[in-house]
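Naming convention: chains lettered A, B, ... in sequence-line order (proteins, then strands); numbering from 1 in each chain. Since the model is a prediction, treat every value here as computed from it, not as a measurement.
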Amino acid sequence: MKGSGSTKPLSGMRDFLPADILRRRHVIRIVEQVYESYGFLPIETPAIENLSTLLGKYGDEGEGLLYRVLHRRDKLSRALESDSVTQKDLSSEGLRYDLTVPLARVVAGHRGRIPRFFKRYQIQPVWRADRPGKGRFREFFQCDLDITGTGTVLADVEVLHAASGVLQKLGFTDFRIRLNHRELLTSLIRRAGIPLELEQSALVALDKLDKIGEQGVLDELGKRGVSAETASRLLDLAGKKVNAQGAGVQIDGEELDESGTAALERIREILEAASTGPAADHLEVDLTLARGLGYYTGAIFEVAVPDLAGSLGGGGRYDGLIGIFGGESVPAVGFSLGLERLLVVMEERGMFPELSTGPDVLVCGFPDVPHSLLLKVAMSLRQEYARVELFPEPGKKLGQQIRYADELGAREVVIVGMDEISRGVLQVKDLSTGEQREWTWDPDGSAS
RNA sequence: GAGGGAGUAGCUCAGUUGGUUAGAGCGCCGGAUUGUGGUUCCGGAAGUCGGGGGUUCGAGUCCCCUUUCCCUCCCCA
């Protein structure tokens with residue numbers, strides 16, 4: 001467009017106009033309502049965290065996307081004067097990358113001030129220096145919910161139900177929740193004969209299976225230093241059907257080690273416990289689901305719909321994260337819905353109800369009506385209507401004032417003229433029907 | 001990080017083999033005998049043709065660089 005581009009927000013960041021805000025609020029309201037119905041309570045945390053809080057939690061890919069905040073004034077000058085400046089010397093703070101790590105810091109730091117079983121939700125922006133795309137931004141809102149302080153299956157399932165409940169209430173019916181377990185993955189990787197130091201790499205490669213295909217994963221594994229034989233063995237294992245029928249979940253014809261068996265049992269328990277409720281018909285075990293974030297230790301989930309490349313949300317159990325901040329280790333499980341992912345799909349599918357930005361009534365006046373009287377009329381109408389707007393230029397022709405009301409999407413206009421005032425009435429016109437009637441009104445009382 | 005497409009008025013776009021003051025529709029502002037919208041008619045404002053450089057008598061149009069946006073991948077929310 002215009003050369004400077006200076007009126008546009010930064011790439012990957014957006015201005016929200018009133019119509020945008022209404023849609024965002026519509027979704028946020030439902031998220032809050034559903035989350036609170038499960039007993040989750042809201043918290044908020046600062047945009048900026050210490051780098052020591054953020055680093056080492058997200059894996060290499062994640063850390064590369066971290067926005068770092070430069071030192072200021074003397075501290076910056078001193079750093080720049082040194083001969084060998086490193087990234088560490090220039091910054092010790094960064095914008096939060098997700099809401100889970102700040103939560104872990106809060107739980108570790110406010111021990112005693114929060115309940116033993118802390119159920120919190122948090123709807124705030126996070127920042128990632130990612131390349132923007134469809135449904136993908138550099139500043140975006142996450143709707144997180146977490147339960148800390150317990151490692152039970154019940155907690156896992158409540159989190160899944162609450163997130164699913166939101167999706168259903170918003171009108172989604174076709175979402176799939178893929179379910180897997182980190183320990184099970186580790187077990188499969190061990191069984192395939194892949195060295196433990198390559199585990200993380202192997203997980204990332206395996207996660208891409210449904211996108212780049214089997215050969216793609218084999219190539220990827222090869223590039224990461226996994227031998228062709230073990231790579232195809234892993235693929236073979238991951239391709240095994242998980243049998244979730246009846247009492248036991250089994251992987252066809254495979255013996256698992258102890259932790260793998262336990263993980264499989266956990267999956268079975270989750271499926272069983274979640275067999276009724278919002279998540280029930282949407283869960284499916286997927287041995288190729290890995291998830292990029294480094295802190296997961298147990299069950300992992302990801303929710304998606306067919307018409308969006310990325311996921312609507314994801315989560316899992318992270319029993320080790322809170323302990324990193326000191327003190328005893330605290331088990332935790334959580335889920336995060338991406339607000340703009342929901343919005344993008346809902347927009348495409350036309351899932352929003354009528355959301356009008358217009359006022360209930362616009363007060364129009366003639367030039368000879370004193371300003372104080374116009375203000376008084378608007379004031380008294382606010383007893384009856386939620387949103388009353390006063391046309392700010394009463395000198396304009398009445399036709400233009402009404403046209404403006406129409407453009408705003410106002411339901412009614414109230415016309416204030418001296419003739420009517422002297423008769424103790426107001427003209428009220430319904431803009432959808434064109435019907436006009438009179439209301440009695442006196443300056444000291446109210447309209448009726 | 002890989003590949004593809006596009007930048008001309010607020011929006012959607014047209015602009016022929018380079019040729020005088022760059023167009024349309026919608027929107028916006030105003031008017032059609034002085035107090036009533038969504039229709040119609042008339043008038044008006046608005047573009048350094050994304051930015052820079054080059055070729056040419058002459059560039060929106062050709063060449064180079066740059067930048068921004070969009071779509072697939074990758075990754076994630």
Side-chain angles (χ1 to χ4, degrees), chain A residues 1-12 14 31 58-65 97-100 123-144 163 203-205 207-208 210-213 216-217 219-220 223 289-294 301-305 308-315 334-345 358 362 364-369 391 394-420 427-436:
Chain A
M1 297 289 123
K2 285 287 170 47
S4 71
S6 61
T7 59
K8 279 187 290 188
L10 275 180
S11 170
R14 295 143 303 148
V31 172
Y58 303 115
D60 294 341
E61 325 83 28
E63 247 161 61
L65 302 179
Y97 180 90
D98 72 356
L99 301 177
T100 306
I123 302 172
Q124 283 195 280
V126 303
W127 293 268
R128 298 182 187 178
D130 213 350
R131 175 160 302 189
K134 183 184 177 186
R136 166 189 233 154
F137 304 95
R138 291 183 166 176
E139 177 181 59
F140 60 96
F141 277 66
Q142 293 193 318
C143 310
D144 275 39
L203 287 180
V204 173
D207 193 40
K208 300 179 184 175
D210 60 335
K211 287 156 192 161
I212 61 180
V217 172
D219 293 345
E220 182 97 18
K223 257 186 286 176
L289 174 69
R291 295 194 50 77
L293 298 176
F301 341 108
E302 197 164 287
V303 56
V305 287
L308 189 72
S311 60
L312 291 179
F335 200 96
S336 177
L337 287 171
L339 177 62
E340 13 290 289
R341 293 284 166 87
L342 297 171
L343 287 162
V344 163
V345 177
L362 182 75
C364 301
F366 293 106
D368 58 339
V369 180
F391 191 85
K396 282 268 198 282
K397 290 186 168 185
L398 184 59
Q400 287 177 38
Q401 298 190 39
I402 292 178
R403 188 146 61 91
Y404 184 72
D406 192 47
E407 285 160 13
L408 284 184
R411 288 194 296 108
E412 295 179 327
V413 290
V414 164
I415 300 160
V416 188
M418 288 319 285
D419 292 355
E420 286 84 351
Q427 299 279 356
V428 183
K429 185 184 179 80
D430 183 307
L431 284 178
S432 55
T433 63
E435 182 188 315
Q436 191 162 326

> Expressed as a whole number of angstroms, how long is the span from A/L308:CG to B/C71:P?
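Taking atom P of B/C71 as the reference, CG of A/L308 is at 11 Å.
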
> Sequence neighbours left out, what passes side-chain contact (heavy atoms from CB on, under 4.5 Å) with A/A290? Give chain and number order.
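Partners of A/A290 by the side-chain contact (heavy atoms from CB on, under 4.5 Å) criterion, ordered by chain and then number, come out as A/L185, A/L203, A/D207.
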
> Restricting to side-chain contact (heavy atoms from CB on, under 4.5 Å), what partner residues turn up for A/E420, sequence neighbours left out?
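Here the qualifying residues are A/R423, A/V425, A/Q427.
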
> Partner lookup for B/A45, please. Criteria are Watson-Crick or G-U wobble with both distances under 3.5 angstrom; report none if nothing qualifies.
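Result: none.
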
> By nearest heavy atom, map A/K397 and A/F366 onto RNA chain B; which one lands nearer the 5' end?
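This one resolves to A/K397.
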
> Please give, in whole Å, the distance from B/G1 P to A/L65 CG?
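Atom CG in A/L65 sits about 11 Å away from atom P in B/G1.
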
> Give a yes or no on whether the backbone of A/Y58 and the side-chain of A/E63 come within a donor-acceptor separation of less than 3.5 Å.
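Judged by distance alone, no pair lies under 3.5 Å.
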
> Taking atom P of B/G37 as reference, at what distance in whole Å does atom CD of A/E412 sit?
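Taking atom P of B/G37 as the reference, CD of A/E412 is at 17 Å.
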
> Under 4.0 Å between a side-chain N or O of A/R291 and OP1 or OP2 of B/A77?
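Answer yes for this pair, as a side-chain N or O of A/R291 is under 4.0 Å from OP1 or OP2.
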
> Under a 3.5 Å limit for both distances, which nucleotide forms a Watson-Crick or G-U wobble pair with B/U17, could you say?
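No nucleotide pairs with B/U17.
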
> For a quick check of understanding: with a heavy-atom distance under 4.0 Å over all strands, which category does A/G135 fall into, base, sugar-phosphate or nothing?
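Base contact.
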
> With both distances kept under 3.5 Å, what pairs with B/G35, Watson-Crick or G-U wobble?
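In the structure as shown, B/G35 has no Watson-Crick or wobble partner.
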
> Would you indicate, yes or no, if B/G35 has its OP1 or OP2 atom less than 4.0 angstrom from a side-chain nitrogen or oxygen of A/K429?
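For A/K429, the contact criterion (side-chain N or O under 4.0 Å from OP1 or OP2 of B/G35) is not met.
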
> Looking only at side-chain N and O atoms, does A/Q400 come under 4.0 Å of OP1 or OP2 in B/C29?
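No, because none of the side-chain N or O atoms of A/Q400 sits under 4.0 Å from OP1 or OP2 of B/C29.
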
> For A/D419 and B/U36, give me the distance from atom CG to atom P, rounded to whole Å.
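One finds 13 Å between P of B/U36 and CG of A/D419, rounded.
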
> Identify all pairs in which a protein N or O lies below 3.5 Å from an N or O of nucleotides 38-41 of chain B, and state each distance.
from	atom 1	to	atom 2	distance (Å)
B/G38	N2	A/L431	O	3.4

> For A/V369 and A/G417, which heavy atoms make the closest approach, and how far apart are they?
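The pair with the smallest heavy-atom distance is CG2-CA, 4.0 Å.
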
> To the nearest Å, how far apart are A/K134 NZ and B/C70 C1'?
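A/K134 atom NZ is separated from B/C70 atom C1' by 12 Å.
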
> Give the rounded distance in Å between these two atoms: CZ of A/R131 and C1' of B/G4.
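So the CZ-C1' distance, A/R131 to B/G4, works out to 13 Å.
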
> Going by purine N1 to pyrimidine N3 plus the second Watson-Crick contact, or the G-U wobble pair, all under 3.5 Å, which nucleotide sits opposite B/U56?
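Result: none.
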
> Is any side-chain N or O of A/Q427 under 3.5 Å from a base N or O of B/U36, one able to act as donor and the other as acceptor?
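Such a pair does not exist between side chain and base.
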
> Paired with B/G10: which nucleotide, if any, by Watson-Crick or G-U wobble criteria at under 3.5 Å for both distances?
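Looking at the geometry, B/G10 pairs with B/C26.
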
> Under 4.0 Å between any heavy atoms, over every strand shown, what does A/L337 touch: base, sugar-phosphate, or nothing? Just pick one.
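No contact at all - A/L337 keeps every heavy atom at 4.0 Å or more from the nucleic acid.
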
> Can you list every pair that meets side-chain hydrogen bond (donor to acceptor under 3.5 Å, both in side chains) and has a residue in residues 404-414 of chain A, with sequence neighbours left out?
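Qualifying pairs, neighbours excluded: A/Y385-A/E412.
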
> Any side-chain N or O of A/S11 under 4.0 Å from OP1/OP2 of B/C69?
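Yes, because at least one side-chain N or O of A/S11 sits under 4.0 Å from OP1 or OP2 of B/C69.
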
> B/U36 P sits how many Å from A/E420 CD, rounded?
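So the two atoms are 12 Å apart, to the nearest Å.
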
> In this structure, how many angstroms lie between the P atom of B/A77 and the CZ atom of A/R341, rounded?
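It works out to 8 Å between those atoms.
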
> Sequence neighbours left out, what passes side-chain contact (heavy atoms from CB on, under 4.5 Å) with A/P125? Give chain and number order.
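A/R96, A/W127, A/E139, A/F141.
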
> For A/S311, does its backbone N or O pair with a side-chain atom of A/R341 as donor and acceptor, under 3.5 Å?
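The answer is yes, because a donor-acceptor pair under 3.5 Å joins these two groups.
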
> With nearest nucleotide decided by heavy atoms, which residue, A/V416 or A/Q142, maps closer to the 5′ end of RNA chain B?
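In this pair, the answer is A/V416.
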
> Mind checking A/F137 for me? I need base, sugar-phosphate or nothing, with any heavy atom below 4.0 Å counting as a touch.
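Base contact - A/F137 has a heavy atom under 4.0 Å of at least one base atom.
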
> Could you tell me which nucleotide pairs with B/C74 by Watson-Crick or G-U wobble geometry, both distances under 3.5 Å, or answer none if nothing does?
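The base-pairing partner of B/C74, which may sit in any strand shown, does not exist here.
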
> Tell me, please, which residues at least two apart from A/T433 pass side-chain contact (heavy atoms from CB on, under 4.5 Å).
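Scan of A/T433 (side-chain contact (heavy atoms from CB on, under 4.5 Å), adjacent residues dropped) gives A/D430, A/E435.
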
> Using 0.5 Å steps for rounding, measure from the CZ atom of A/R138 to the CG atom of A/L10.
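These two atoms lie 8.0 Å from each other.
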
